[in-house]
Every structure is written in C-alpha cells, then in structure tokens.
Number of protein chains: 2
Amino acid sequence: MQLVQIYQCLCDETRLRLLNLLLRGPLCVCHFQTVLSEPQVKISKHLGYLRTRGLVTATRRGNWMIYDLPAAAARSPELAANLACLQDCAAEQSIFRRDLARLTKLDLACGPVAGVSAKNDDGCGCDQPAKILKK
Amino acid sequence: MQLVQIYQCLCDETRLRLLNLLLRGPLCVCHFQTVLSEPQVKISKHLGYLRTRGLVTATRRGNWMIYDLPAAAARSPELAANLACLQDCAAEQSIFRRDLARLTKLDLACGPVAGVSAKNDDGCGCDQPAKILKK
DNA sequence: AAGCTATATTCCTTGCTTGGAATATAGTTC
DNA sequence: GAACTATATTCCAAGCAAGGAATATAGCTT
C-alpha cells in the first residue's frame with residue numbers, strides 16, 4: 001500500500017475517531033454511532049471508505065457488521081507504524097480520550113457476549129452488546 | 001495543532017516528497033523543483049500550504065526562499081511523532097529514496113556555500129547551490 | 001411470507017483541493 | 001533604473017470528498 005493512501009484515510013476527523021476506537025478492539029456499526037453521536041450514513045460511509053482502502057476489515061455477524069483492524073501480521077510496515085503513531089497521538093487529544101471513555105462505559109453496560117441470537121435490553125441503542133469476542 | 005490537520009498536510013504525494021527532502025535539511029524552492037521535476041507553481045503552492053499550517057518555516061535569503069522544518073523544540077508531540085514516522089516509512093518506498101538520491105547528487109555538484117552573492121555555474125538549474133548552511 | 005433491525009447504497013448538493021496559465025512581487029546585478 | 005532571477009499570487013476549471021435524505025439490502029424473528 002502506498003503511504004499517501006494511508007494518510008488520505010487519516011485526514012478526516014471522523015475516520016480518526018473510528019480508527020482510534022478500533023485500536024482498542026473490533027466493534028459493530030451501531031456502537032460507533034452511539035460513541036461518536038453521528039448519523040448512521042456518515043459512520044457507514046467512512047467505514048466503507050476505510051474498508052475499500054484496506055485499513056479495516058468487516059465481517060458480518062447476523063444483522064451486525066463487525067469492523068476491525070487488519071490482523072497485525074497482515075499490516076504493511078507503513079500501516080503498522082502509522083497506527084502506532086495514531087494511538088500515541090490520540091491518547092493526548094481530548095476528543096479521542098472522550099470517545100474511548102464513552103466506549104468503556106458502553107462495555108460496562110453491555111458486557112461480553114459470544115452468540116448473536118440473544119436479545120438484551122441494555123439500553124445501548126441496539127439489541128446487541130458492544131464487546132465482541134475475538135475469534 | 002490538531003492531529004487531523006497534520007494528516008491533511010500529509011495526504012498529498014507532492015507534499016510528502018517535499019517533507020521527506022526537508023527531513024534531511026533546509027532547501028530552497030528551485031532545488032525542490034529540480035529534484036521533483038515538477039513545475040514551479042506546484043512546488044510553491046504546496047510549500048505555501050505547508051507553511052500556513054505550520055509544518056514548514058520559510059526565510060528569505062536574497063532571491064531564494066529557504067524552507068525548513070520547524071526547530072525540533074518547536075514541534076508539537078504529534079508533529080514530531082509523525083515526522084519520525086514519515087521518515088521511517090519513506091525510507092522504504094522507492095519514490096522517496098529516489099528523491100533523496102537526486103538531492104545528494106545535486107549536493108555533490110554544488111557544494112556548500114555560505115553567502116548569497118556569488119554566482120556559480122554548476123548546472124543546478126539556478127545560480128545558487130543546494131547546500132544551505134544552518135544558521 | 002411479513003415485518004423488523006442493522007447496515008449499505010444512491011442521488012444530489014456543496015465546498016475544498018489540485019493544477020495550470022498568466023501575472024505580480026521581491027530582491028539582485030549591471 | 002532596467003533587466004533579470006526566484007518565488008508567490010490570482011484566476012480559473014476540473015475533480016474529489018463530505019454530508020444528508022431517501023431508498024435498498026441482508027439477515028433475523030415470528
């Protein structure tokens with residue numbers, strides 16, 4: 001992957017916020033919506049943008065799409081370096097810290113879950129919890 | 001400085017090439033032109049873009065404008081981190097390596113110079129050598 | 001199958017970025 | 001001061017990206 005393309009993915013604030021959350025672990029779209037407080041189209045489009053450029057992966061799980069960063073082994077040196085850099089930098093800017101805090105709160109409310117068919121009414125805004133188990 | 005703004009500066013290939021060269025030391029516009037083989041407007045505009053956003057500094061020296069990165073002490077943590085990251089990444093991509101090689105060749109042809117009023121006919125494409133002495 | 005949920009896509013508008021041609025500016029040399 | 005050099009700016013056209021409204025799609029539930 002070309003270096004410029006990585007930076008093109010990073011040059012939008014919404015995308016930075018999405019990636020910052022993904023650095024903590026995989027997530028489904030509805031939880032991005034909740035944490036960022038942004039409309040569904042916006043989130044979905046930016047995730048699509050990142051996906052077509054290989055910065056995130058997406059796997060369907062029932063109704064939900066689980067987005068994740070590419071596996072460490074699958075990251076180019078450039079991508080790995082820039083994700084590490086982003087993580088460091090984001091830790092110092094309030095907007096990213098706030099997002100992570102909100103995500104943590106969501107996690108606590110929802111708790112981890114393995115399956116997909118159980119409903120829960122945890123008030124997350126969707127019927128499925130935030131904490132997605134890594135395969 | 002906001003992190004996004006840094007990435008916005010980095011998301012254009014021409015600007016990446018300029019910054020990559022600047023990581024080696026200060027340079028005047030005409031040498032960017034020579035190394036990148038791009039028209040003057042293009043170089044000048046991208047340098048202007050970087051300048052207004054604080055990613056480079058510019059000082060006039062006779063007819064020449066010397067561009068440089070902000071002094072290490074003046075760099076925000078985010079900028080410092082990303083410049084370091086860029087330097088690492090650029091070292092692995094051929095276009096940036098080629099640029100550095102061309103710059104080195106220019107240096108050899110021109111040699112270091114302190115003053116500004118002496119002409120030389122070193123074939124650099126302008127009357128002033130490439131190697132600018134740090135103040 | 002019908003209705004529901006989560007997510008994606010299309011269409012459209014708006015604004016930004018890029019690049020080039022032409023021109024302007026600042027400084028030098030003669 | 002006239003000519004010249006290096007660089008910046010203006011004006012314009014084209015392309016791209018972002019956001020929203022409406023709609024489509026995929027999978028679940030009953």
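Residue numbers start from 1 in every chain, and the chains themselves are labelled A, B, ... in the order their sequence lines are given, proteins ahead of strands. All of these numbers come straight from a predicted model, not from anything done at the bench.
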Q. Expressed in angstrom and rounded to an integer, what is the separation of Trp64(A) atom CH2 from dA26(D) atom P?
A. 18 Å
**Q.** Minimum-distance nucleotide to Val41(B) side chain [options: dA18(D), dT9(D), dT18(C)]
**A.** dT9(D)
Q. Is Ser44(B) near enough to dT7(D) that one of its side-chain N or O atoms lies under 4.0 angstrom from OP1 or OP2?
A. no
Q: State which of dC11(D), dT10(C), dT17(C) makes the closest approach to the side chain of Tyr49(B).
A: dT17(C)
Q.
Using 0.5 Å steps for rounding, measure from the CG atom of Leu21(B) to the CG atom of Leu69(B).
A. 10.5 Å
(Q) Distance check needed: dC16(D) P versus Gln8(B) CD, whole Å only. (A) 19 Å
**Q.** Selected nucleotide, minimal atom distance to Asn63(B) side chain, candidates dG27(C), dC28(D), dT18(C)
**A.** dG27(C)
Q.
Here's a test of your reading of the structure: between His46(B) and Leu47(A), which maps to the more 5' nucleotide of DNA chain C?
A. Leu47(A)
Q | Gap between atom CZ of Phe96(B) and atom CD of Glu13(B) - 0.5 Å precision | A | 6.0 Å
Q | Interatomic distance, Leu27(B) CG vs dT7(D) C1' [rounded to whole Å] | A | 15 Å
Q: Could you check how far CD of Glu38(B) sits from C1' of dG20(C), rounded to whole Å?
A: 12 Å
Q.
Hydrophobic clustering (ILVMFWY, side-chain heavy atoms < 4.5 Å, transitive) - are Tyr49(B) and Leu16(B) grouped together?
A. no
Q: Please figure out whether Arg60(A) or Pro39(A) has its closest DNA chain D nucleotide nearer the 5' end.
A: Pro39(A)
Q: Could you please name the option among dG20(D), dG20(C), dA8(C) that lies closest to any side-chain atom of Tyr67(A)?
A: dA8(C)
Q. Does a side-chain N or O from Arg15(B) land closer than 4.0 Å to OP1 or OP2 of dT18(C), or not?
A. yes
(Q) Looking at every heavy atom in both Pro70(A) and Gly54(A), which two are closest together, and how far apart are they? (A) CG-O, 3.8 Å
Q: Round to a whole Å and report the spacing from CD of Gln33(B) to C1' of dG20(C).
A: 14 Å
Q: Among dA26(C), dA8(C), dG19(D), find the nucleotide with the atom closest to the side chain of Val29(A).
A: dA8(C)
(Q) As a test of reading the structure: which of dA8(C), dT17(C), dG19(C) is closest to the side chain of Lys42(B), going by heavy atoms? (A) dG19(C)
Q) Just how far, in rounded Å, is C1' of dC16(D) from CZ of Arg53(A)? A) 10 Å
Q: Please state how far atom CG in Leu36(B) lies from atom P in dT7(D), giving the value in whole angstrom units.
A: 13 Å
Q | Out of dA8(C), dT7(D), dA18(D), whichever nucleotide has its closest atom nearest the side chain of Asp12(A) | A | dA18(D)
Q) Does the side chain of Tyr67(A) come within less than 4.5 Å of Leu18(A)'s, by heavy atoms? A) no
Q.
Please find the pair of heavy atoms, one from Arg53(B) and one from Cys9(B), that lie closest to each other, and give the distance.
A. CD-SG, 3.5 Å
Q.
Determine whether a donor-acceptor pair (one donor, one acceptor, N or O, separation below 3.5 Å) exists between the side chain of Lys45(B) and the base of dG19(C).
A. yes
(Q) Looking only at the side chain of Met65(A) (C-beta and beyond, no hydrogens), which of the listed nucleotides dG19(D), dA8(C), dT18(C) gets closest? (A) dA8(C)
(Q) Given the structure, check if the side chain of Gln40(A) and the base of dA8(C) hold any donor-acceptor pair shorter than 3.5 Å. (A) yes
(Q) Without decimals, in angstroms, what is the distance between Gln5(B) CD and dC16(C) P? (A) 14 Å
